[in-house]
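Here is the structure we will look at.
From a predicted model like this one, the values you see are computed outputs, not experimental measurements. We use all heavy atoms of the structure for the numbers below, so side chains are in, but hydrogens, waters and symmetry mates are not. So that the names make sense, note that chain A is the first sequence line, chain B the second, and so on, each numbered from 1.
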Protein chains: 2
Amino acid sequence: MDLDLDTLKTQLSEQGYKLTRQRKAVVAVVTQAHMRLSAADVFAQAQRVCPDLGLTTVYRTLEILEELGAIRRVHLDDGCEGFAPASIEHGHHLICSRCQETVEFEGCNLSTLLKRVSGQTGFTIQEHWLELVGLCPKCQRKK
Amino acid sequence: MDLDLDTLKTQLSEQGYKLTRQRKAVVAVVTQAHMRLSAADVFAQAQRVCPDLGLTTVYRTLEILEELGAIRRVHLDDGCEGFAPASIEHGHHLICSRCQETVEFEGCNLSTLLKRVSGQTGFTIQEHWLELVGLCPKCQRKK
DNA sequence: TCCTAATTGAAAAACATTTTCAATTAGCGC
DNA sequence: GCGCTAATTGAAAATGTTTTTCAATTAGGA
């Protein structure tokens, strides 16, 4: 289930964000993406559509899209900070370690675990971060 | 259950690493820590014991300690890259969002989830990243 | 069409991390 | 203890990413 480009544009408008050429280009890239992308990746792809695009704007737009829940921050192999399209509200990401393809899944069903850990430690649990890394079917065959 | 300073020193020796003043200082800091620390935090604390310590060495030592499994990389609020002491081999971290205290827990028991996601997507799952954020008992009271 | 606040890109700044390299040092064999 | 040597060190430079600044541009309501 892909992110819908038009829905996202409408959402931006509704939040009072102007629909600039640059934002449209960035939004187009992330809605079409099926893999995690770094800010630089998004920049490179979006620049093909909109040559006068700055990296600064890419960072700013990605921040807005994360706020809207359209993308989610994920890890990259090195340090951190990649982005993957998020169509499921409380979803998590499964990422292919070879081709970077990302798939979302929902129903993480950690409630039992959370209750146990909460009981054992006395912590109130506010959020959880879960991310899976593996090999997608295509890459399994290639190997 | 704390990391044992002496055990860790022995481990370093056995792996052929020299026990320098600087490494001892860094090891002392991370074994005593009960919270996630950035490289800069470790540097600041270790420098009190060993004034002629460079940040470069801190990075290098943290890398070794991660290799040995004595610490684990965790998220920081901003981007990434904090370190927390790891005494449980396949443990995960629960972090207090207010005071940064970290607690380890084991038995994440995700096998059912992993099987389901694997079946639905066709991915082979290689690793999982799970991290919980909440409020520790002390900080709940303070609030 | 006009107006204005939002948005932009370039450049600079800020930051974290890594690399380079000559000087120092831990720990082995003696 | 003593000397030797490879490992280790810190300072400085390099690298890479993200943020800030600021004057110029622009989207979109009036």
Closest to the [X] side chain, choosing from [options]:
X	options	value
B:Leu55	D:dT9, C:dT17, D:dA12	C:dT17
B:Leu19	C:dT8, D:dT18, C:dG27	C:dG27
B:Arg60	C:dT20, D:dT21, D:dT8	C:dT20
B:Arg23	D:dT18, D:dT8, C:dT8	D:dT8

5' priority, DNA chain C, between B:Asp52 and A:Thr56 [closest heavy atom]: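 Its nucleotide being nearer the 5' end, the pick is A:Thr56.
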Less than 4.5 Å apart, side chain to side chain, heavy atoms only: is that true for A:Leu110 and B:Leu130? yes
When you measure from the side chain of B:His93 to the backbone N and O of B:Pro85, does any donor-acceptor pair fall under 3.5 Å?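 Yes; at least one donor-acceptor contact below 3.5 Å.
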Under 3.5 Å, side chain of A:Ser118 to main-chain N/O of A:Phe123, donor-acceptor pair present? yes
Is there a side-chain contact between A:Thr20 and the phosphate of C:dT7, meaning an N or O under 4.0 Å from OP1 or OP2?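 Checking A:Thr20 against C:dT7: no side-chain N or O falls below 4.0 Å of OP1 or OP2.
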Is B:Tyr59 close enough to C:dT17 that one of its side-chain N or O atoms is under 4.0 Å from OP1 or OP2 there? yes
Give the rounded distance in Å between these two atoms: [atom1] of [X] and [atom2] of [N].
X	N	atom1	atom2	answer
B:Gln22	D:dA11	CD	C1'	14 Å
B:Gln47	D:dT9	CD	C1'	14 Å
B:Lys24	C:dT25	NZ	P	13 Å
B:Tyr17	D:dA6	OH	P	18 Å
A:Arg21	C:dT7	CZ	C1'	11 Å
A:Glu63	C:dT8	CD	P	12 Å
B:Leu62	D:dT9	CG	C1'	16 Å
A:Ile64	C:dA6	CD1	C1'	10 Å

In short, B:Arg72 meets B:Ile88 closest at the heavy-atom pair NH2-O, 2.8 Å
Salt bridge (charged side-chain N to carboxylate O under 4.0 Å, His left out) partner of A:Arg73, chosen from A:Glu67, A:Glu66, A:Glu131: A:Glu66
